Amino acid sequence: MERSRLEKLQRLKEKNLAYPHKFQVSYEIGQIRSKYEKPTDRKEVSVKGIVKRISKLEDGYIVRISSKAGIEMLAMCNEELKTGEEYILKGNIGRYEGKLCLFSAKPVEDDNPLEIENLKAEYDLDPNFEEISLAGRLITLRSMGKAIFGHLQDASGKIQIYIKKDIVGEEAFKDFEELVDTGDIIGVRGKLFRTNTGELTVEVESFNLLTKSLHPMPEKWHGVKDVEVRYRQRYLDLIANEEAKKIFLLRSSVVGELRNFLNREGFLEVETPILQHVASGANAKPFITYHNYLEQNLYLRIAPELYLKRLVVGGFNKVYEIGKNFRNEGVDTTHNPEFTMLEFYVAYWDYKDLMDFTERLISHVLLSTVGTLKINYREKELDFTPPYKRYAYFDLLYEKTGKEKEFFLKDLEGLRKLAKDLGVPNADSLTHAKLIDKVFDVLVEDELWGPCFVLDFPKILSPLAKTHRQDADLVERFELFVAGKELANAYTELNDPLEQRERFLEQLREKEMGDEEAMQMDEDFITALEYGMPPTAGEGIGIDRLVMILANVDSIREVILFPALRRF
RNA sequence: GAGCCGGUAGCUCAGUCGGCAGAGCAACGGACUUUUAAUCCGUGGGUCGCGGGUUCGACUCCCGCCCGGCUCACCA
């Protein structure tokens, strides 16, 4: 804690001004901005302006340009402009932190450019001295002597405040100067106006310090870069780094739109146990915990699958759950020990119905969050316009190796040799199923860039999927691949309890042969199947990975608010 | 778990060959009533991740440990 701030807090306490219980706000910051700032639809325009200030970003420059009369806006530009020079800039009109901004701006010759005033008149409305009260964290302060400017911020946006000695009075002005720091949370009451440069601003008539920050804020220009601070103290990341905040707002709207879509399609949202007696439904190592009263070990679920299918047995024909799964495995850029999955099940559908449905679901999420089906990921385009390409599992392997399905399923030693030649680690000790999986991984997965379905997996990889109607070696299963990563996994569900028991037994044999991730037998689930589960299809979608793709980030930690880290 | 890279002021980062620990922002004092990465003048601020070792002398070289990043292995 910083000593000067503690001393200020002490004085606030003496004046009985510290930590008030309530401050009435008339708007959220983002609300008042959207009331007076119209959406821009990215129209291409040319604007005339004088360059006032240039700031370098990682990629290009952000430029403040001004009209002759001093009205200002921003421009994002890749070319280096000269301060003080007048340019005509052509670009797409948008907003950056609420301010009008010309994106992809390029200097051009144009005999009929707009004035900044024209754009402002169109998109930025006159607040007409509306009386409002707002609160937020004070993130910048610019003292001019007898007047002070600053910005208040919350997750919805930021807004400028203007504190004038004449207006707030001698004593309040002195209090502000002596007791308020950047980082404090303050409430203001006053009139909305626009400054000479055109920025929406609260002319403060009175203010209250609501909460003192006892630590200085991260640096305003560079933000917080240290990932240890960003992940362990995510609140600082959210305050200081606009990009980080945007990712989590995006994540929230993705999850919201998934719910909207599924609810509209007649699905029922349910919650199933996270503490389970049997860790099954996926191939993974579980976390083990202990329940004192029950006097037994429980597992944190590795998947909700077997419980959701029990609900289909119970007559809930369309169910879904969005929730955490827990897997006691490595941590890296695509794996966090707890991660969020959407799983849904539909009675009387098969996996082909699910492919069509997946295309509709993804389309809905993309259009309602990022607003387009074509996005850039890692410098390459991803086009989610349906239909996605569909490839049969063994066709992909045949293309790469010239070998047919029989080779992979029957010639274990030949397969083992192929795996070794491909450099698959521990090829000598892997089980048959693992070998196929690894070989597919090495040969094919990275190349599945555009969204595509891989379908008809070998049965030995899929203990819960129904045998293929045309080929007893296969199951009716598909995975959706995007950017070389598995994004969704789905199949026609195995609903024959006798066959399901055999498949579990096969898994137990795999476990004995050294596959630690082979599935556990779930007798209670088989009992449920014995009562009869209708023909059903089910699917799981990794929410974290979906958000990674939409946010164009390559680490799962960027889309999880508090990712798993070692205790410091 | 292995290999490589990193940890220096509240934040972002420099620190040469082993020779007094640096800048910008933030903070503190002062000027400034439409500024906006405000500007101008001045001041203070360090367990150089932790612990050993080498050396007259270590942020710097060596060893061990902690934390993180990337790559790999396991996994979605």
Side-chain angles (χ1 to χ4, degrees), chain A residues 1-5 7-8 52-57 62 64 70-72 74 97 99 139-151 158 160-168 173 181-183 193-199 201 203 213-233 236 239-241 282-285 302-303 325 327-337 339-341 423-426 430 434 437-438 441 445 479 481 485-489 515-517 540-546 548 554-557 563 565-568:
Chain A
M1 284 182 290
E2 198 174 68
R3 193 193 305 158
S4 69
R5 288 173 186 251
E7 285 165 5
K8 288 175 190 176
K52 299 299 259 192
R53 177 167 213 130
I54 301 171
S55 308
K56 191 150 179 27
L57 299 178
I62 182 161
R64 234 171 66 218
I71 304 291
E72 294 184 354
L74 302 173
E97 294 182 350
K99 293 183 190 178
I139 50 158
T140 55
L141 262 186
R142 295 174 293 280
S143 168
M144 307 281 300
K146 296 189 179 62
I148 300 169
F149 287 91
H151 274 92
K158 61 175 88 166
Q160 183 164 260
I161 59 170
Y162 178 47
I163 299 167
K164 217 167 148 183
K165 200 172 196 170
D166 296 353
I167 296 176
V168 296
F173 194 82
D181 291 299
T182 54
F193 75 112
R194 285 188 184 277
T195 60
N196 288 343
T197 59
E199 178 159 358
T201 302
E203 186 181 73
S213 170
L214 298 177
H215 294 280
M217 284 294 107
E219 206 246 3
K220 64 189 163 198
W221 188 242
H222 298 94
V224 186
K225 289 208 171 135
D226 183 346
V227 292
E228 291 234 35
V229 176
R230 292 189 49 230
Y231 300 157
R232 291 183 203 276
Q233 294 177 276
L236 293 179
I239 292 166
N241 299 330
N283 299 107
K285 280 180 251 175
I302 55 176
N325 290 350
R327 300 190 184 174
N328 203 343
E329 283 152 0
V331 175
D332 63 30
T333 47
T334 50
H335 298 87
N336 196 63
F339 62 101
T340 304
M341 286 274 285
V424 171
N426 311 317
L430 291 179
K434 281 271 177 192
D437 202 22
K438 287 287 134 195
D441 191 2
E445 271 193 24
E479 289 189 349
F481 281 88
K485 295 275 185 318
E486 182 193 334
L487 197 66
N489 180 21
D515 181 358
E516 285 184 273
E517 279 133 20
I541 297 179
I543 302 298
D544 311 279
R545 289 190 175 175
L546 176 60
M548 282 170 69
D554 52 17
S555 171
I556 200 168
R557 297 180 203 102
L565 294 178
R566 214 176 287 272
R567 183 172 183 170
F568 195 53

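Everything numeric in this text was worked out from a predicted model, so none of it was measured. Letters A, B, ... are given to chains in the order of the sequence lines, protein chains preceding strands, and every chain is numbered from 1.
The side chain of Met144(A) lies closest to U34(B), out of U34(B), U71(B), C74(B).
Atom NZ in Lys285(A) sits roughly 14 Å away from atom C1' in A76(B) (whole-Å rounding). Rounded to an integer number of Å, the gap from CE of Met548(A) to P of A76(B) is 15 Å.
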Next on the checklist: Please evaluate residues Glu97(A) and His151(A) with respect to the criterion side-chain hydrogen bond (donor to acceptor under 3.5 Å, both in side chains), reporting the C-alpha separation (whole Å), side-chain torsions for both, the decisive distance (0.1 Å), and the verdict.
Outcome noted: CA-CA 12 Å; Glu97(A) 294 182 350; His151(A) 274 92; over 6 Å; no

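Between the side chain of Gln160(A) and the base of U35(B), a donor-acceptor pair under 3.5 Å is found. Checked by distance alone, Ser55(A) brings a side-chain donor or acceptor within 3.5 Å of a matching partner on the base of A37(B).
Nearest heavy-atom pair across Lys225(A) and Arg230(A) is O-CD, 3.8 Å.
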Between the protein and nucleotides 8-11 of chain B, list the N/O to N/O atom pairs that are separated by less than 3.5 angstrom.
residue, atom, partner, partner atom, Å
C11(B), O2', Glu219(A), N, 3.3
C11(B), O2', Gly223(A), O, 3.0

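The side-chain hydrogen bond (donor to acceptor under 3.5 Å, both in side chains) test applied to Gln160(A) returns Arg142(A), Thr201(A), not counting sequence neighbours. Residues that satisfy the ring-ring contact (aromatic ring centres under 6.0 Å, His included) test with Phe339(A), not counting sequence neighbours, are absent from this structure. With sequence neighbours excluded, no residue forms a side-chain hydrogen bond (donor to acceptor under 3.5 Å, both in side chains) with Asp515(A). Under the rule for a side-chain hydrogen bond (donor to acceptor under 3.5 Å, both in side chains), the partners of Arg64(A) that lie at least two apart in sequence or sit in another chain are Glu72(A). Under the side-chain hydrogen bond (donor to acceptor under 3.5 Å, both in side chains) criterion, Asp181(A) pairs with Lys8(A), Lys212(A), not counting sequence neighbours.
Both Leu487(A) and Lys99(A) lie near RNA chain B, and the one whose nearest nucleotide falls closer to the 5' end is Lys99(A). The 5' end of RNA chain B is approached more closely, in terms of each residue's nearest nucleotide, by Arg557(A) than by the other of Arg557(A) and Pro337(A).
When the side-chain nitrogen and oxygen atoms of Arg232(A) are compared with OP1 and OP2 of G68(B), one or more of them lie within a distance under 4.0 Å. OP1 or OP2 of A37(B) lies within a sub-4.0 Å distance of a side-chain N or O belonging to Arg53(A). Taking side-chain N and O atoms only, Lys438(A) has no distance below 4.0 Å to OP1 or OP2 of A73(B).
Residue contacts shown for Ile148(A) are absent, as no nucleic acid heavy atom lies under 4.0 Å away.
Comparing the P positions of G57(B) and G30(B) gives an interatomic distance of 46 Å, to the nearest angstrom.
Across every strand in view, U16(B) sits unpaired, with no contact that passes the Watson-Crick or G-U test at under 3.5 angstrom. In this structure, G51(B) forms a base pair with C63(B), meeting either the Watson-Crick or the G-U wobble geometry with both donor-acceptor distances under 3.5 Å.
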